**Student:** 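Just passing along the structure, written as structure tokens.
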Amino acid sequence: MKTSKLKLESLSTEQWEKLCKCCARCCYEKIDFEGRIFYTRIPCDQLDLETHLCRIYADRDRVRNDCQRLSPEIVAAGILPADCPYAELVEDYQGPSLGE
Ligand code: SF4
Ligand code: SF4
């Protein structure tokens with residue numbers, strides 16, 4: 001997969017955070033089936049379903065060790081929905097199945 005890593009890596013922390021449109025879809029449990037990622041309808045227990053915000057955002061990777069902070073490498077790995085603004089900066093992005 002070719003990536004626009006330069007675009008992602010050149011963003012400041014503020015620009016990086018602003019890219020997120022807080023749809024919260026990446027905060028739903030995922031299943032890896034034979035190398036393909038599938039989204040489930042099961043939200044993370046730290047997700048506020050009304051606001052779509054994480055209740056422990058600042059400490060998320062410390063409190064939940066299965067929650068990883070996004071990085072250019074994680075974006076390029078293909079776990080985000082294809083219309084996520086981070087994924088849209090990756091060329092030829094192959095998004096997971098959203099199970100819909
Ligand atoms: S899918 Fe993308 S835009 Fe939506 S919450 Fe996750 S990182 Fe933000
Ligand atoms: S800990 Fe927060 S950011 Fe991480 S998956 Fe759960 S709700 Fe989302």
Side-chain angles (χ1 to χ4, degrees):
M1 180 187 294
K2 286 190 291 182
T3 71
S4 299
K5 278 182 81 180
L6 279 180
K7 261 190 211 168
L8 289 169
E9 286 170 356
S10 65
L11 298 176
S12 68
T13 304
E14 190 183 1
Q15 290 170 322
W16 178 273
E17 292 292 326
K18 275 187 179 167
L19 264 187
C20 180
K21 59 186 179 184
C22 298
C23 66
R25 286 191 295 160
C26 60
C27 297
Y28 281 70
E29 301 292 338
K30 302 158 203 65
I31 297 169
D32 182 335
F33 180 71
E34 297 182 349
R36 284 193 63 201
I37 304 296
F38 292 82
Y39 270 77
T40 71
R41 297 183 183 194
I42 304 168
C44 171
D45 58 10
Q46 298 297 340
L47 180 65
D48 182 321
L49 295 176
E50 285 188 16
T51 63
H52 288 178
L53 297 176
C54 174
R55 295 189 186 95
I56 54 163
Y57 190 70
D59 292 325
R60 60 198 185 283
D61 48 355
R62 187 178 58 79
V63 177
R64 286 229 17 175
N65 58 12
D66 59 342
C67 179
Q68 294 185 311
R69 287 178 190 248
L70 279 185
S71 64
E73 289 72 26
I74 290 178
V75 176
I79 61 167
L80 296 172
D83 61 352
C84 166
Y86 299 92
E88 286 178 338
L89 292 177
V90 176
E91 283 178 43
D92 303 325
Y93 186 82
Q94 300 292 318
S97 169
L98 298 180
E100 290 161 355

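Indexing begins at 1, ligand by ligand and atom by atom, following the structure's order. Predicted model only: the values in this text are computed from it and were never measured.
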**Student:** Please set out all donor-acceptor pairs under 3.5 angstrom arising from side-chain atoms of residues 76-84, sequence neighbours excluded.
**Tutor:**
{"residue": "Asp83", "atom": "OD1", "partner": "Arg25", "partner atom": "NH2", "Å": "2.3"}
{"residue": "Asp83", "atom": "OD2", "partner": "Arg25", "partner atom": "NH2", "Å": "3.2"}

**Student:** Answer yes or no: does atom NZ of Lys18 have more than 12 heavy-atom neighbours from other residues, nucleotides or ligands under 6.0 Å?
**Tutor:** no
**Student:** Within this structure, what is the SG-CG distance for the pair Cys27 and Asp48, rounded to the nearest 0.5 Å?
**Tutor:** 11.0 Å
**Student:** List nothing but the number: protein N/O/S atoms under 2.8 Å from atom 4 (Fe) of ligand 1.
**Tutor:**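 Number of qualifying protein atoms: 1.
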**Student:** Under 4.0 Å from a heavy atom of Leu70: give me the atoms of ligand 1 that qualify, with their elements.
**Tutor:**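 By the 4.0 Å cutoff, the relevant atoms are 7 (S).
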**Student:** Nearest 0.5 Å please: distance from the SG atom of Cys67 over to the CZ atom of Arg62.
**Tutor:** 12.5 Å
**Student:** Among all residues two or more places apart in sequence or in another chain, which pass the side-chain contact (heavy atoms from CB on, under 4.5 Å) test with Arg36?
**Tutor:**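 For Arg36, the residues satisfying side-chain contact (heavy atoms from CB on, under 4.5 Å) (neighbours in sequence not counted) are Phe38, Ser97.
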**Student:** For ligand 1, which atoms have a heavy atom of Tyr86 less than 4.0 angstrom away?
**Tutor:** 7 (S)
**Student:** Could you go through the side chain to side chain contact (heavy atoms under 4.5 Å, CB included) check for Gln46 and Arg60 one step at a time?
**Tutor:** CA-CA 9 Å; Gln46 298 297 340; Arg60 60 198 185 283; over 6 Å; no
**Student:** Protein N, O or S atoms at less than 2.8 Å from atom 6 (Fe) of ligand 2, how many?
**Tutor:**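 If we list every protein N, O or S atom nearer than 2.8 Å to atom 6 (Fe) of ligand 2, we get 1.
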**Student:** For a 4.5 angstrom cut-off between non-hydrogen side-chain atoms, does Pro96 reach Lys30?
**Tutor:**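 The answer is no; the side chains never approach within 4.5 Å.
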**Student:** Around atom CD of Glu14, are there more than 12 heavy atoms from other residues, nucleotides or ligands closer than 6.0 Å?
**Tutor:** no
**Student:** For Leu19 and Leu89: C-alpha separation, side-chain torsions, deciding distance, then whether side chain to side chain contact (heavy atoms under 4.5 Å, CB included) applies.
**Tutor:** CA-CA 11 Å; Leu19 264 187; Leu89 292 177; 3.9 Å; yes
**Student:** Can you confirm whether Pro72 sits close enough to Tyr86 that some side-chain heavy atom of one is under 4.5 Å from a side-chain heavy atom of the other?
**Tutor:** no
